[in-house]
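Worksheet: one structure, shown below.
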Amino acid sequence: MKFMGNGVFVSVIILVFFQLNGNVKCQTSTVVNVGALFTFDSVIGRVAKVAIEAAVADVNADPSILKGTKLNFIMQDTNCSVFMGSMSAFQLLERDVVAVIGPQSSSVAHMISFIANGLQVPLISFAATDATLSALQFPFFLRTTLSDSHQMAAMADVIDYYDWHEVVAVFVDDDHGRNGISLLDSQLAKRTSKLSHKLALPHGANASVISDLLDKSREMGVRVYVVHVNPDSGLEIFSIAKQLQMMTSDYVWLATDWLSTNLDSSPTVDPNLLQTLQGVLGLRQHTPASSMKKAFYTRWRGLQKKGRVSSGLNAYGLYAYDTVWTVARGIDEFLKEHGNLTFSFSERLPNMNDSTVQLEKLKIFDGGRILVNKLLETNFTGLTGQVGFDSNRNLVNSSYDVINIDQVSIHRIGYWSRYSGLSVVPPEKLTREQQIKSRVDQKLKNATWPGGKTEKPRGWVIASNEKPLRVGVPNRVSFPDFVTEDEDTHEVKGYCIDVFHSALNLIPYEVPYKFQVFGDGRLNPDYDELVKMVSDDVIDAAIGDITIVTNRTRFADFTQPYAANGLVIVVPIKNLKSSAWVYLKPFTAEMWCVTAVFFLLIGVVIWILEHRINDDFRGSPRRQVITMLLFSFSTLFKTNQEDTVSTLGRMVMMVWLFLLMVITSSYTASLTSILTVQQLSSPITGIDSLITSNQPIGLPGGSFVHKYLTDSLNIYEGRLVSLEDTDDYARALQRGPDDGGVAAIVDELPYIEEFLSQHTDFGIAGHMFTKSGWGFAFKKGSPLAVDMSTAILRLSENGDLQKINEKWFCRTGCSLRKGRRSEPNQLHLVSFWGLFLLCAIFTITCLLIFLFRMVRQYVQYKRKRRQLLAISSSDQTPHSTSGLSRVVYNFFDFIDEKEEAIKKMFKPSINPHPPTNDEIR
């Protein structure tokens, strides 16, 4: 459909870039010349020629258009060549054509567009799909077929729908092929996919060239192929692919509209051909069903029966038919407004008498720009649906059928349009709301794939028996339980290897692999270098105890972490069990003080609440003070002999006992920890003290720890001492910084837990100050990294990951592997202030309620007393109540009185004589 031409003809372009001036020739005729350029003997050309002739006959027979003016079509064969196409274009333009339909080839269209610009003759192509032809550089080029910009968007949506992330493109290396694949690459990038490989075929490539390119592509691992070629030679690619065993269930083959064009053009499709194409997905320009289209198909079959056409009708034939009507309507509108068609001679073109192409005879169409505008305003319903142009001189409606070849037949499994995306409903039947919904919820019917399977292929093969996955494994010297190579059997084993095997077993496909040991067995290998080997394609993956850090993610994709870790500090420890004052350590001084205050507060409040009604809280002053002080303390040991009687007292006791229970249980737990846990004997208590000290620091060789301490924490490199194994760790810590050892060791938590399980003289200082994890490294974009991450999550969820951990590290009991705390944290007031506050508020509230009741009773008491004194005024002298101090004294005297005596006073008395003041008290 699109072909390359000869570069030697570039000089012709220069000749037609001239300034237009010369004589004007006016012509009034009943015949208007229109040219047509395409390759007659091609899949598209054979159909287009008949369709154009049919359209010209229909236009000339229609009295409603052109009003008696007839179209005279002059057809020229471009012979699949840019050079011949350009020559044919000059021959057409010598005959005063007002428009040229074609060309069929995008490469030819690029060349002729320059000529059309110079002579101002509109160029209307029904088959050139290269999107770059819509550039402002070619204002006289119009396209009456679908642009590759839409076709590649449709193809990218199909690829994204099936969740394939890497694609191999097969294309002819010409303008049409290169530009189309470039558009596909851009569209895939928008959908987080990529074009990983490009297989460029030379024009007219033979079977040997095609076979070599396809055979080499099998080593890439990607199994999704997009074929973007011309209809005349594309089928050979699938025949060769079948010979190479590349049409099996592991592969995905997608084809642009060239395949449907070829199949639709065949009057009878060979079943063997369709068997070869089993499972291929393709695109076909969508043309809505209509009575006009149905009638034309019937007419086409009639022409086939008469022998006037040997090909089936394809979409390009329909576009060619509508193109003739587009040109006819544009000319009709032009003639209605301007009447005459005028051409100008250019005197600046050289005289080429010896050439069959006489440039001095070329004329410029004066109404070219006006005719272009008239064509762009065209709006009618044709065989292909609504015909109209957008601002880029492309058809407004752009939609495709998605086809699938299965069981020696072609099935339509959906549609695509730039408004709705993928859908199972024809685009013309979707409302605006349905289009928006379809764009969000993409749908296609079930497809059949190569090999006859209905299950969607993965689209990639990570390894094969012939080319297994190259897996790099670190040969550790220290902590061999994690991963190492056995010196005798050369078997790679360890905790990380078991995790890898278990995760690989959960992947629903086979991954052949072979281990490649990295390291000399004398020193721990450099893990950064191991990860870099993945990026450099030395290995395909790296497994082991590889920490996921930022600089490594630039070179590889990591799986979900299978082990959480972080950096910790190890220092020597000592035992403090013999301390005489160890029982004071659970609480801070502040906590001790507040607790003591509350003991006193509760004793005082309970004495106030119980004193008037409870004999246990009455007696001599000395006894009452002792009761007050000892009551709340006695609740701690449950030895108190006094019972609370009042409701308020019992409520206060309930809150106090709850607080006391929390405090005592916390104290017991903290004291137990202090008496059983060993303590640090190093001045380094955490990362801050480690940074500020000037003492040497031990770290593992080959680890990222060195870079982290120097780059992130700015620790002087001279302080760092590389240690290779656990024996080095122990010796360096025991010797200490004064004897050539180290003050502390910084390493990852899993290693330290393993180290401490064997060496009890050391402990962890402070807390873990970084958080990261171990993962497996794969090449960037590798889908295996995603599947392995899913498998690791499943291992974690079903408990297998924990079982693997216990297998390797719990041989003598997991309790030994539990991390040691450097020093039990004391209990601070901040941990209990809420309970203390609650208890204080409740206690004070009860006290206030009690005082309110006392004030109320005291007022009643005073009123009753005045009444009694008034009755017996002759027998007793009134009691003086003057003075504030006297009132306060009387109030406290009242409170101190037993409540039972006060109540008796308010009862009706049979004694005719009022009580004396002493009796009332």
Side-chain angles (χ1 to χ4, degrees), residues 27-38 47-76 92-93 95-104 116 119-128 140-145 287 290 292-293 295-296 299-300 303 313 315-343 365-389 393-397:
Q27 181 181 8
T28 302
S29 174
T30 58
V31 177
V32 176
N33 291 334
V34 177
L37 286 172
F38 55 91
V47 176
K49 187 173 186 297
V50 179
I52 290 173
E53 291 172 346
V56 171
D58 292 345
V59 169
N60 289 336
D62 190 342
S64 65
I65 191 171
L66 292 176
K67 306 301 182 182
T69 300
K70 302 297 182 181
L71 293 182
N72 177 36
F73 259 77
I74 306 169
M75 298 187 186
Q76 291 285 347
L92 279 178
L93 295 171
R95 303 180 65 173
D96 296 343
V97 294
V98 298
V100 175
I101 292 181
Q104 166 188 334
L119 300 180
Q120 300 186 11
V121 176
L123 194 63
I124 309 100
S125 177
F126 60 88
F140 288 89
F141 179 86
L142 287 76
R143 194 194 323 268
T144 53
T145 188
T287 54
S290 65
M292 185 185 306
K293 176 182 172 182
F296 191 76
R299 180 180 174 184
W300 191 269
L303 294 175
L313 181 60
Y316 286 105
L318 301 177
Y319 285 118
Y321 182 92
D322 284 348
T323 302
V324 174
W325 277 94
T326 301
V327 172
R329 291 175 182 275
I331 294 174
D332 184 45
E333 293 298 321
F334 181 93
L335 293 176
K336 287 179 181 179
E337 292 188 13
H338 301 280
N340 296 327
L341 302 171
T342 61
F343 294 85
F365 178 31
D366 296 329
R369 294 187 182 275
I370 298 175
L371 181 57
V372 167
N373 293 331
K374 295 300 179 184
L375 291 171
L376 292 175
E377 294 172 0
T378 303
N379 189 5
F380 69 97
T381 300
L383 299 181
T384 59
Q386 194 67 25
V387 179
F389 296 92
R393 306 182 305 283
N394 294 318
L395 289 180
V396 174
N397 293 324

(message) Checking Gln386 against Asn379: is there a side-chain donor and acceptor pair closer than 3.5 Å?
(response) yes

(request) Sequence neighbours left out, what passes side-chain contact (heavy atoms from CB on, under 4.5 Å) with Ala320? Give chain and number order. (result) Ala48, Ala51, Ile52, Phe126

(request) Answer yes or no: is there a side-chain heavy-atom contact under 4.5 Å between Thr144 and Phe389? (result) yes

(request) State, to 0.1 Å, how close Val97 and Gly35 come at their nearest heavy-atom pair, and which atoms those are. (result) CG1-N, 3.7 Å

(request) Kindly give the heavy-atom pair with the smallest separation between Asp96 and Phe343, and that separation in Å. (result) O-CZ, 3.5 Å

(request) Name all pairs fulfilling the salt bridge (Lys or Arg N to Asp or Glu O under 4.0 Å) condition that reach into residues 48-57, sequence neighbours left out, sorted by first residue then second. (result) Lys49-Glu53

(message) How long is the straight-line distance from CD1 of Ile124 back to OG1 of Thr323, given to the nearest 0.5 Å?
(response) 8.0 Å

(request) Could you check if a side-chain atom of Pro103 sits within less than 4.5 angstrom of a side-chain atom of Leu123, using non-hydrogen atoms only? (result) yes

(request) Give the C-alpha distance, both sets of side-chain angles, the deciding distance and a yes or no for side chain to side chain contact (heavy atoms under 4.5 Å, CB included) between Leu71 and Val327. (result) CA-CA 10 Å; Leu71 293 182; Val327 172; 5.5 Å; no

(request) Please name all residues satisfying side-chain contact (heavy atoms from CB on, under 4.5 Å) with Lys293, sequence neighbours left out, ordered by chain then number. (result) Thr287, Ser290, Tyr297, Leu318

(request) Supply the atom-to-atom distance Tyr316 OH to Ser125 OG, rounded to the nearest 0.5 angstrom. (result) 9.0 Å

(request) Heavy atoms only: give me the nearest Phe365-Thr342 pair and the separation to one decimal. (result) CD1-O, 3.4 Å

(message) Treating Asn72 as the side-chain partner and Asn33 as the backbone partner, does any N or O pair qualify as donor plus acceptor under 3.5 Å?
(response) no

(request) Provide the closest heavy-atom pair for Leu375 versus Gly330 in the form atom of the first, atom of the second, distance. (result) CD2-CA, 3.9 Å

(request) With sequence neighbours left out, write down each residue that passes ring pair (Phe, Tyr, Trp, His ring centres under 6.0 Å) with Phe73, or none if nothing qualifies. (result) none

(request) Applying side-chain contact (heavy atoms from CB on, under 4.5 Å), name anything that partners Asn394, two or more places apart in sequence or on another chain. (result) Ser134, Arg143, Ser147, Asp390, Asn392

(message) Between Thr384 and Tyr321, is there a side-chain heavy-atom distance shorter than 4.5 Å?
(response) no

(request) Considering non-hydrogen atoms only, spot the tightest contact between Phe334 and Asn340 and give its length. (result) CE2-O, 3.5 Å

(message) As a quick check of understanding, evaluate side chain to side chain contact (heavy atoms under 4.5 Å, CB included) for Phe140 and Leu119, giving each step before the final call.
(response) CA-CA 10 Å; Phe140 288 89; Leu119 300 180; over 6 Å; no

(message) Nearest 0.5 Å, please: how far is CD1 in Ile370 from NE2 in His338?
(response) 4.0 Å

(message) Can you pull out every salt bridge (Lys or Arg N to Asp or Glu O under 4.0 Å) where at least one residue sits in residues 56-73? Sequence neighbours excluded, please.
(response) Asp58-Arg299

(message) Would the distance check show the side chain of Asp322 and the main-chain N or O of Gly382 forming a donor-acceptor pair, the cut-off being under 3.5 Å?
(response) no

(request) Hey, could you give me the CG/CD1 distance between Leu92 and Ile101, rounded to the nearest 0.5 Å? (result) 11.0 Å

(message) Using 0.5 Å steps for rounding, measure from the CH2 atom of Trp325 to the OG1 atom of Thr378.
(response) 12.5 Å

(message) Using side chain to side chain contact (heavy atoms under 4.5 Å, CB included), reason through Leu395 and Thr145 one step at a time and then give a plain yes or no.
(response) CA-CA 7 Å; Leu395 289 180; Thr145 188; 5.5 Å; no

(message) Do Val34 and Ile331 make a side-chain contact, defined as non-hydrogen atoms from C-beta onward lying under 4.5 Å apart?
(response) yes

(request) Would you indicate whether the side-chain heavy atoms of Leu371 and Glu333 approach each other to under 4.5 Å? (result) no

(request) List the atom of Ala328, the atom of Val59, and the distance in Å for their closest heavy-atom pair. (result) CB-CG1, 3.7 Å

